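These notes concern the structure reproduced below.
The basis for the numbers below is simple: all heavy atoms, side chains too, and nothing from hydrogens, waters or symmetry mates. Convention: sequence-line order gives letters A, B, ...; per-chain numbering from 1. Predicted model only: the values in this text are computed from it and were never measured.
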Amino acid sequence: MTANRLTDTPPRVPERPALDGLEQKWSEAWEREGCFRFERGAPRERVFSIDTPPPTVSGSLHVGHVFSYTHTDAVARYHRMQGKAVFYPMGWDDNGLPTERRVQNHYGVRCDPSVAYDPDFEPPTTASGGGAQPAEKEPLAISRPNFVELCLRLTETDEQAFEELWRRLGLSVDWSMTYTTIGERAQRISQRSFLGLLARGEAYQLEAPTLWDVDFQTAVAQAELEDRERPGAMHRVRFGLAGGTGDALIETTRPELTPACVALLAHPDDERQRGLVGKEAVTPLFGTRVPVLTHPLVDPEKGTGLVMVCTFGDLTDVVWWRELGLPVRSVLGPDGRLTEVPWGSGVWQSEDVERARREYEQLQGRTVNQARKRIVELLVQDGDLVGEPTPITRAVKFFEKGERPVEIVTSRQWFVRTMTHTDELLERGRELRWHPPYMRARYEDWVNGLTGDWCVSRQRFFGVPFPIWYPLDDAGGVRHDQPIAASQEQLPVDPSTDVPDGYTAEQRGAPGGFVGDPDVMDTWATSSLTPQIAGGHTDGTSGSCEDAELFASIFPMDLRPQAHDIIRTWLFSTILRSQLDHDALPWANAAISGWVLDPDRKKMSKSRGNVVTPMHLLEEYGADAVRYWAVSGRPGTDTAFDAQQMKVGRRLAVKLLNASKFALADLPPEGDALTNPLDRAMMARLAAVVADATGSFEEYDYARALERVEVFFWWYCDYYLELVKGRRYDTGESQAAREGAASVSRALRRSLSVFQRLLAPFLPFVTEEVWSWWQEGSVHGASWPDGEELLDALGAVEPASAGIEEDALALAAEVLKEVRKAKSEARRPMRAPVSRVVVHERPERLRALELGVADLRAAGSIEAIATVAADELAVEVELAEEPAG
RNA sequence: GGGCGCGUAGCUCAGUGGGAGAGCGCUCGCUUCACACGCGAGAGGUCGCAGGUUCGAAACCCGCCGCGCCCACCA
């Protein structure tokens, strides 16, 4: 890093400095000069690497994005000024469901992996002027590669718009390193990592009960669930006992699953149910015999104390089913409707098969809700519904992007082992430095609450395919137990169009041939590899995109910034993958940002007709002002959207323009030393502020750093600049005047240089503008101020005299405030002359004041200052007579 | 049910053992030679409630109340 140069050429200060146009002027200059280009070849210890969150590109960026990305940018700029080579890429998360949905609606198509690729395909409706034309007809079925092409086409324009916004906001990312989560590099790295997991037994395939979204018809993961309150009803249902010797009452919110009942359970200590345990109950309507068993998870306080286990009503059913070794009676299809079942065969025995068949026909083909309504009618007819259903509100699990509750459907899926690694993951969580620290609790809660391995396969299309095929036996049956893995050289592959080694394309689907795995990976299975994708991780076997040297210089990364809502998904899965692939933490620090709270909850939602988009904010207030609002939100803290704060930020930017103009324009020649005590005391204060801001940044507390700098800067403008103004303009003949001016000149330049750099991470545009008036190069490439630099400016100071000088500055400011108060109360202008000021104060402070009395007199237009020894400060101010007329 | 965070001026929030603060808003004043996108001044608070520790608590401990979030095997 080059030293900051105080050039000898006079500063070029505009007559009327303004903020307008600075964003465009400087963002273009930064791009032209490559200011934020990552310095390749920098050794690891001089690199600061950031695992940028790739925003989802389907949809638009909102103020919440602006908020948290600005936090990271301030930190990035700080470390860059500390001399680090900052690895700060941007990624676009374009893979996954949200994009699929948009493409389907936008182009009127649907993906069908069995359709062959059409290289000349053009979508039926084209996006004209950005507006989608809703497809009237049945969606057109197209191949997966064609579908993916449309996804890419649609996300590309979004990505351009996002980049434009980020540049306007002043994010100092290296745009040459941008990646996408559906891009070739992401696919290859995802597939390669998956094959590694498979080879090491960390990934496996299993046919098992899986969380299932019936609308998207795909498996989903535990991490993608959320609770929603939904009205329901509790039904009390009577089961007969085998042999007709009484009955058993259960309560359920899901009576439609009665045909799927496989057992009744009681708590082992529940005396009331003791007589039933060990017997067999008979399901109403269907006459299926089910055992009455016990399990400690049953809550005897709930309902009748007896619970019906179905395959499967909820995750607890899965636990009971597994632990008690119960059979499967599955009635729910992947579309969320009740399927056909073979009454009388296998597990579908009944005391009255004909009746079971007849009753079930009333339910078959219906949705869950329809079936529930119907079975209640059937139970009432049969007299097995006890009392009226009781309306209740209960939490139901939903896929976070879904519209109907998730069901549990048995299907074949890929899993990544997590349960065998939870201890390691908890240990990694303790190694990670969390900012703020309490966010670790959320991670630990999540890891401790995991109930199963991570289901990574999705029955979707716009994602990274599994690099897997299966052989077909002579009868055309799929041999799932003999997966054919793609070779490293083939990656990335799409098994729906690519052919495994040793086969020909003609053998696809033919007996003795092969089929591709139809699924794609969970979007988090790719996103969990962002450090590897961004850093070009390679195992040396393939590809020009990967770069072993680069990866070694950035991994493990320094910082993962992200919001708290995706600790359980993105943060957790990234730690897991890094643990499995590298046996290491992926980053040293995690900075967790809060959310932006919507002010509309409290007021003015209707008065504002338009949605406030980030671009509007940037246009109205300026990027620096918007950034100011963002960085005043403390790490991890939810922050209210507040346009007023943006105005305050704009004021700060304008203030810096004007203070810089004052300090630099027509400045008298600079002296070799700070000879004036007030100048020295101000610089000493500034040194303390630098230390405070630096310490705060080291703790990732950008907000505290800004606050300290800002408070001191306003004090500097209101008191220090006013106190030294007279001396600055006094280019008189005397030696003392020349020396005083030379000292203030030096102090102004040194302090201004420090302020401009301290504010640069927060207000990059205005600081770059004022820096350009008098310095070479970019302020963002300048070095962060440090103690040594300030000591150098200050010269050697005895601690005792430093204390006296500080007293002089403090007391001069206090007296000036009293003088202003007197003038304000007398409704006189601030320049109104004061004939006499009497300062009562402790003698040692009065002696100190001597050092600053000349500046004080000039600043307050004070003719005479007298002092009186006293225990505490009191100031008498005698204003001069108001001039007649 | 468990956990985390928060509760300070009308609003947004700093402040973690010793004077209750900032900005905005409000009121009043000031064309001041960097800045009217400005400057100066003022009013405004039983620091959620109740105990405890301490010479001393907004801060530390216990309990309670309220708000928000996360997690849970929510039948």
Side-chain angles (χ1 to χ4, degrees), chain A residues 13 16-19 227 229 232 234-235 250-254 257 264-265 295-299 302-310 313-320 392-397 436-451 564-565 567-568 594-595 597 599 602-603 621-622 625 629 632-634 636-645 647-648 650-666 703-704 707-708 710-711 714 717-718 721-722 725-726 728-729 816-817 819-832 861:
Chain A
V13 181
R16 288 190 159 276
L19 297 177
D227 286 350
E229 293 287 328
M234 190 63 80
H235 307 77
I250 60 106
E251 283 197 350
T252 180
T253 56
R254 303 204 59 181
L257 292 178
L264 301 186
L265 296 185
H295 193 279
L297 281 184
V298 178
D299 183 352
K302 274 192 182 139
T304 61
L306 205 57
V307 60
M308 162 174 88
V309 184
C310 305
D314 60 29
L315 288 171
T316 320
D317 281 343
V318 180
V319 173
W320 285 326
I392 57 163
T393 301
R394 79 245 194 261
V396 182
K397 298 228 178 280
Y438 61 75
M439 287 294 178
R440 175 189 300 144
R442 301 203 179 187
Y443 173 81
E444 294 192 344
D445 273 3
W446 177 251
V447 175
N448 286 323
L450 286 170
T451 58
H564 53 64
D565 56 324
I567 288 175
R568 66 176 185 171
W595 277 356
L597 298 179
K602 290 160 194 164
K603 52 177 179 177
Y621 301 103
W629 159 74
S632 50
R634 303 188 104 77
T637 305
D638 293 344
T639 301
F641 173 82
D642 188 358
Q644 195 60 47
Q645 272 296 99
K647 291 183 184 167
V648 175
R650 193 173 170 86
R651 285 203 325 140
L652 177 61
V654 169
K655 196 73 176 175
L656 182 63
L657 281 178
N658 288 308
S660 298
K661 178 186 169 192
F662 168 75
L664 295 174
D666 304 318
R704 183 186 160 96
E707 189 217 284
R708 298 308 152 112
E710 187 194 7
V711 165
W714 282 106
C717 290
D718 293 343
L721 293 186
E722 292 300 328
K725 199 172 264 183
R728 180 208 189 286
Y729 285 118
L816 180 59
K817 185 175 173 70
V819 169
R820 285 170 172 168
K821 182 175 176 176
K823 291 177 181 179
S824 193
E825 282 171 352
R827 306 192 163 189
R828 301 282 298 278
M830 284 301 126
R831 67 177 177 185
S861 308

A/S660 side chain vs A/L656 backbone, donor-acceptor pair below 3.5 Å: yes
Nucleotide B/C11, atom C1' - distance to NZ of A/K647 in whole Å: 14 Å
Complementary nucleotide for B/C39 - Watson-Crick or wobble, under 3.5 Å: B/G29
Nearest to side-chain heavy atoms of A/R634, which nucleotide of B/A14, B/G5, B/G23: B/A14
Which atom of A/C310 lies closest to which atom of A/L257, heavy atoms considered: SG-O, 3.4 Å
Inter-nucleotide P distance (B/C71, B/G63), Å rounded: 25 Å
A/K823 side chain near B/C30 phosphate (N/O to OP1/OP2, under 4.0 Å): no
Donor-acceptor contact present, side-chain A/K655 to main-chain A/W714, <3.5 Å: no
For B/U53, the Watson-Crick or wobble partner whose two distances fall under 3.5 Å: none
Pairwise C1' distance, B/C70 and B/C11 [rounded to whole Å]: 28 Å
Any A/D638 side-chain heavy atom under 4.5 Å of A/H564 side chain: yes
A/K655 side chain near B/C39 phosphate (N/O to OP1/OP2, under 4.0 Å): yes
Proximal nucleotide (of B/C30, B/G25, B/C35) relative to the A/Q644 side chain: B/G25
B/G3 to B/A72 separation - P atoms, rounded to the nearest Å: 15 Å
A/D718 side chain, from C-beta outward: closest of B/G40, B/U12, B/C37: B/G40
Length of the line joining A/R440:CZ and B/G5:P, which is rounded to integer Å: 13 Å
B/C65 and B/U12, which share atom name P, separated by this distance in whole Å: 25 Å
Separation between the P atoms of B/C28 and B/A20, rounded to whole Å: 30 Å
Atom pair CD1 (A/I392) and NE2 (A/H235), whose distance is rounded to the nearest 0.5 Å: 9.0 Å
Any A/K647 side-chain heavy atom under 4.5 Å of A/Q644 side chain: yes
Integer-rounded Å distance: B/G38 P and A/K661 NZ: 15 Å
Below 4.0 Å: OP1/OP2 of B/C39 and any side-chain N or O of A/R831: no
For atom CE of A/M439 and atom C1' of B/C4, their distance in whole Å: 9 Å
Gap between atoms CG and C1', on A/L652 and B/A22 respectively (whole Å): 14 Å
Spacing between A/Y443 atom OH and B/G5 atom C1', to the nearest angstrom: 21 Å
Carboxylate-amine/guanidinium contact A/R704 A/E707, below 4.0 Å: no
Separation of B/C30 P from A/E722 CD (nearest whole Å): 18 Å
Rounded P spacing from B/G51 to B/C24 in Å: 38 Å
Base-pairing assignment for B/G1 (Watson-Crick or G-U wobble, both under 3.5 Å): B/C71
Sugar-phosphate only, base, or nothing, as touched by A/W714 at under 4.0 Å among non-hydrogen atoms: sugar-phosphate
Within-4.5 Å side-chain heavy-atom neighbours: A/M830 and A/E722: no
Sugar-phosphate only, base, or nothing, as touched by A/C310 at under 4.0 Å among non-hydrogen atoms: nothing
Summary of protein contacts for nucleotides 69-75 of chain B, nucleotide by nucleotide, where a base hit scores B, a sugar-phosphate-only hit scores S (4.0 Å, heavy atoms): SBSSBBB
Contact nearer the 5' end of RNA chain B, comparing A/R16 with A/E825: A/R16
Euclidean distance, atom OH of residue A/Y621 to atom C1' of B/C24 [Å, nearest integer]: 13 Å
P spacing across the pair B/A14 / B/G48, given as an integer number of angstrom: 14 Å
Nucleotide nearest A/Q645 when distance is taken to its side chain, options B/G23, B/C35, B/U32: B/G23
Proximity to the side chain of A/R827 - top-ranked nucleotide from B/C37, B/A14, B/G29: B/G29
Close side-chain approach of A/W320 to A/L265, heavy-atom, < 4.5 Å: yes
C1' spacing across the pair B/G19 / B/U32, given as an integer number of angstrom: 33 Å
